[in-house]
Amino acid sequence: MPGSTKVRELDAVVIGAGFSGLFMNHRLRDTLGLDVQVIEAGSDVGGTWYWNRYPGARCDSEAYMYCFGFDRDLMQQWEWSGKYPEQPEILRYLGHVADRFDLRRNTSFNTRVRSAHFHEESNRWDVETDAGERYRSRFVITAIGCLSTGQIPDFRGRDTFTGEAYHTGAWPHEGVDFAGKKVAVIGTGSSGVQSIPVIARQADHLTVFQRTPQYMIPARHGNVDKAVLDEIKKEYDTIYDKARHSTGGFPYDVQDRSAFDVEDAERRRILEEGWEMGGFKFMFSTFSDLRTSLTASELAGEFIRGKIRETVNDPELAQKLLPLDHPFGSKRILIDTDYFETYNRDNVELVDINAEPIVEITETGITAGDTHHDVDVIVYATGFDAMTGSFNRIDIRGLDGQRLKDKWAAGPRTYLGLTSAGFPNLFMITGPGSPSVLSNMPISIEQHVEMISGIVSHLDRNELELIEAEVRAEDAWVEHVNEVAEPTMFMHANSWYLGANIPGKPRVFMPYAGGVGAYRQHCDKVVANGYEGFTLSPGSVKA
Ligand code: NA7
């Protein structure tokens, strides 16, 4: 009812219609029979895969695991074409899920939630959208993704550029024609690394502006034989069970050997084997201590630097591409296809912005150091205000009018990455403090959706109205999240996991690094102990 001021009473508002919102809607609406409204900023479902349409966009998780595991028929019937699905294929999959379960009919598209305020007299959330819709809802569930608020650095003169400029996370639906053009890509994270080889093949000239050289593992992408997929499908229950109890949400065989348990030659052989398998297996299926031991990580890091030296023909250029300032595994591991090979092309140039900082953006291009680079197109592959950025865009206020943004001013505080004290009946799917971005997302999303559904049924079965995290439990969880992150490689780099990519953002490690299996055990224990750490009440939480 756009433009209307009439308030609609609901059981649940779900914000977002990506993987999380789709499944949450299905569980609350179809399994529990609640009155649910989904609010989605895009014109269709898909979330991350709706927005990130840049050339080369694809998933780093293997296709057969990057999907829902809650519906056996869906799992058996959907056919993936390749090892790593490309963005259009994932979007088609999510569109299929929306059709199959009729999930669009209670979704408002092209609409953003502006505010969600907890109303203490009624124990309901008042939700308003930018389309003028107003809801009073018992539950609010944020399914807003972890990487949904793009960030473009505030370079001097940025708005004076008269050519085309795009952020990878808000790519035009009609695509971008790079033919005959001089293109700049700023940023060499996952989005830059996936798009650079593709843009290089299309553009007249490509200049890459690199701040941090990165470690990469080859994807070894390829089409998947139907027979292989059919075999996997026969074992789907076992495979999913293994993934759900693993570290990263993948069903990979994990080795418990240290990189120091073997002689040099054998270590090299194992790393080569991991390199040949490609993808995250290099991390999970070679040695157990690449994520925890600086010295072990350095062995893998030097191995990868060797590969870069072998691949890039020009030794000076190769030197600029070597990651030397942070250990392997301390930033998001990147999975590439032909990234380093791309620098052997005549039409590709690299600017190391540590040596030649970006001074300004002009009408016609980018000045770095003393050099002006004339370009027709600038691609900002500069990432996201990760994990908390999308919460901050919504005016969320809990008990006593407390703003979530204020509560999180020094870093996010959650219980289990699912709830925050002072915000009753508000749930966050893959919120900060949960494995989220350190895991294969659909596995983590499904676990949260199932847990939230379990909480809602528990409240209803027991004639309870509200659930709220206890401050004590939240404090202990935040401490635990920090403790678990402390011994990992993640503390040895400036990364978006730590908020380091956003000027002024507090340096707090946001995701839970203990692994999805351990995290699941925590959650299961909380439930088994009668929702330990939560206050459940029949009426006002303040009473
Ligand atoms: P990322 O991984 O945050 O990468 C952003 C890139 O942009 C990275 O290379 C940054 O360098 C660079 N960057 C950021 N700010 C600047 C400024 N001010 N100047 C120059 N360069 C800058 O985002 P992606 O979109 O690639 O990937 C996000 C996630 O999506 C990915 O990890 C997957 O989980 C999926 P830095 O490394 O910070 O020095």
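Whatever order the structure lists ligands and atoms in, that order sets their numbers, starting from 1. All residue numbers refer to positions in the sequence shown, counting from 1. We use all heavy atoms of the structure for the numbers below, so side chains are in, but hydrogens, waters and symmetry mates are not.
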Side-chain donor-acceptor pairs under 3.5 Å in residues 348-357, sequence neighbours left out?
residue	atom	partner	partner atom	Å
Glu349	OE1	His205	NE2	3.4
Asp352	OD1	Asn354	N	2.9
Asp352	OD1	Asn354	ND2	3.4
Asn354	ND2	Arg211	O	2.6

Compile the donor-acceptor pairs under 3.5 Å between side chains in residues 303-312 and protein atoms, sequence neighbours left out, one pair per line.
residue	atom	partner	partner atom	Å
Arg305	NE	Glu302	OE1	2.8
Arg305	NH1	Tyr215	OH	2.9
Arg305	NH1	Pro323	O	2.9
Arg305	NH2	Glu298	OE1	3.2
Arg305	NH2	Glu298	OE2	2.4
Arg305	NH2	Glu302	OE1	3.1
Lys307	NZ	Glu272	OE1	3.0
Lys307	NZ	Glu272	OE2	3.1
Arg309	NH1	Glu302	OE2	3.1
Thr311	OG1	Lys307	O	2.6

### Message
Under 4.0 Å between a side-chain nitrogen and a carboxylate oxygen: does that hold for Asp385 and Lys505?
### Response
yes
### Message
Less than 4.0 angstrom from a charged side-chain N to a carboxylate O is my criterion; do Arg332 and Asp60 meet it?
### Response
yes
### Query
Quick check, are the ring centers of His167 and Phe384 under 6.0 angstrom apart?
yes
## Note on the structure
Under 4.0 Å from ligand 1, residues with heavy atoms, in chain and number order, are Leu147, Gln151, Pro153, Phe155, Ile186, Gly187, Thr188, Gly189, Ser190, Ser191, Arg211, Thr212, Lys331, Arg332, Ile353, Ala381, Thr382, Gly383, Phe384, Trp496
### Task
Apply side chain to side chain donor-acceptor pair (under 3.5 Å) to Thr168 and list each qualifying residue two or more places apart in sequence or on a separate chain.
none
